[in-house]
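Take a look at the structure set out below.
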Amino acid sequence: MNEFEIIQRYFKQPTTNNNVIVGIGDDAAVINIPKDKQLVLCMDTLVSGIHFPIETKPEDIAYKSLAVNLSDMAAMGATPSWITLSLTIPENDLQWIEIFAKQFHALANEYALSLIGGDLSRGPMSVTVQLQGLITPTCSLLRSGAKPGDDIYVSGTLGAAAFALKSLIEPQQWGHATNEELLRLNRPKPRLTLSQKLLGNATSCIDISDGLVADLLHVLHEGNIGAEVIVDKLPISTSIKKLDRATCYELALTGGDDYELCFTLPELMSSEAIEQLNQVCPITKIGKIIEQKELVLKNSDDEKINLPKSGYKHF
Ligand code: ADP
Ligand code: MG
């Protein structure tokens with residue numbers, strides 16, 4: 001099967017009207033941007049052996065490559081609509097492509113997204129997804145904006161994805177991950193519903209891809225502020241509580257791949273409003289924004305704790 005046939009067979013979808021004027025099949029796609037909206041764009045590349053172990057299944061690669069971009073859209077408060085996909089694979093393995101495409105379309109359909117174009121080439125395996133979404137002008141969530149006194153929150157739980165990755169790479173040291181932990185690594189749930197509720201409430205927001213410390217540092221840098229985080233308050237994934245406490249903190253603080261949101265809320269936000277957010281998805285207050293430009297980790301006895309080396313570095 002040639003490249004054109006593969007695209008027609010596995011990637012072309014029945015046309016939806018999602019403002020798509022020209023979809024897959026021409027030299028480029030054309031979409032209609034509603035007059036009262038702004039376009040939000042993000043792109044993430046997953047490279048085999050760098051961002052996922054080479055044995056990762058095609059369905060998991062498909063899911064994650066789209067989910068990590070959806071998480072970026074969530075971090076911005078945007079509503080994703082359109083996808084472009086650049087797929088580089090070592091050979092025309094039709095079975096691999098079929099499984100990949102099926103899962104990719106399934107997740108896209110879950111969020112009513114249209115795949116409107118892309119590229120297909122031969123080479124070392126890598127998947128690049130670009131998402132296009134919409135926001136109402138001036139209603140985005142940004143990394144900047146947190147102010148001293150704001151409370152710092154994270155959604156969901158932290159640490160299980162990092163544990164699963166370590167267990168795949170060094171099973172002798174870490175043991176085997178449970179199915180639940182592997183799902184946290186391979187199938188992150190983008191926090192899009194929560195993110196819509198954060199619009200107009202949160203003063204800053206970022207998604208946790210490289211680890212809480214590394215990502216919170218971006219928020220601190222952008223806002224010219226610091227933070228105090230109480231490590232005993234971190235929402236550690238129940239499944240990794242079998243590990244010793246220091247390891248749990250280390251995974252939650254520096255392990256990547258959680259794709260939860262870290263956001264700040266004004267100190268005076270009502271407990272009813274916070275409870276409403278909590279109804280959408282569990283959120284946990286982990287600390288406060290401070291004026292001094294440093295990140296201080298403390299335990300609940302107010303004792304300082306050493307900062308672990310920053311989160312996962314790609315280079
Ligand atoms: P060109 O050579 O002009 O770049 P291509 O053969 O790469 O054209 O692509 C033909 C059409 O198929 C384009 O509309 C392109 O967006 C789409 N396409 C190519 N690869 C993919 C893919 N992996 N997923 C979705 N659409 C794709
Ligand atoms: Mg092309």
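Indexing begins at 1, ligand by ligand and atom by atom, following the structure's order. Remember, predicted model here, so these are calculated numbers, not experimental data.
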Q.
Using a 4.0 Å cut-off to any heavy atom of E3, which atoms of ligand 1 qualify?
A. 6 (O), 7 (O)
Q: Inspect the contact between D257 and K64 and indicate whether a charged nitrogen and a carboxylate oxygen are less than 4.0 angstrom apart.
A: yes
Q. Looking at D27, which atoms of ligand 1 are within less than 4.0 Å of one of its heavy atoms?
A. 3 (O)
**Q.** Salt bridge present between K288 and E267 (N-O < 4.0 angstrom)
**A.** yes
Q: Mind checking whether K12 contacts ligand 1 via backbone (N, CA, C, O), side chain (CB onward), both or neither, at a 4.0 Å heavy-atom cut-off?
A: neither
**Q.** Flag side-chain contact, heavy atom, 4.5 Å: I135 against K37
**A.** no
Q.
So if I count the atoms of ligand 1 from 1 in the order they appear, which ones are less than 4.0 Å from some heavy atom of I24?
A. 12 (O), 14 (O), 17 (C), 25 (C), 26 (N)
Q) Which atoms from ligand 1 have a heavy atom of D26 less than 4.0 Å away? A) 11 (C), 13 (C), 14 (O)
(Q) A side-chain contact here means heavy atoms from C-beta on lying under 4.5 Å apart; do I225 and I290 qualify? (A) no
Q: Only heavy atoms count here, so choose which of S86, G117, A101, A28 is nearest to atom 25 (C) of ligand 1.
A: G117
Q: Check the angle between the aromatic planes of W174 and F163 and answer parallel, tilted or perpendicular using the 30° and 60° thresholds.
A: perpendicular
(Q) Do D150 and L265 have side chains that approach each other closer than 4.5 Å (heavy atoms only, starting at C-beta)? (A) no
Q. Which is it for T84 and ligand 1 at heavy atoms under 4.0 Å: side chain, backbone, both or neither?
A. neither
**Q.** Option nearest atom 23 (N) of ligand 1 (shortest heavy-atom distance, choices D119, L120, I6, I7)
**A.** D119
Q) So between F100, F11, F104, whose heavy atom ends up nearest atom 24 (N) of ligand 1? A) F11
Q | K233/E228 ion pair, N-O < 4.0 Å | A | no
Q.
Show me which atoms of ligand 1 lie under 4.0 Å from any heavy atom of G25.
A. 11 (C), 13 (C), 14 (O)
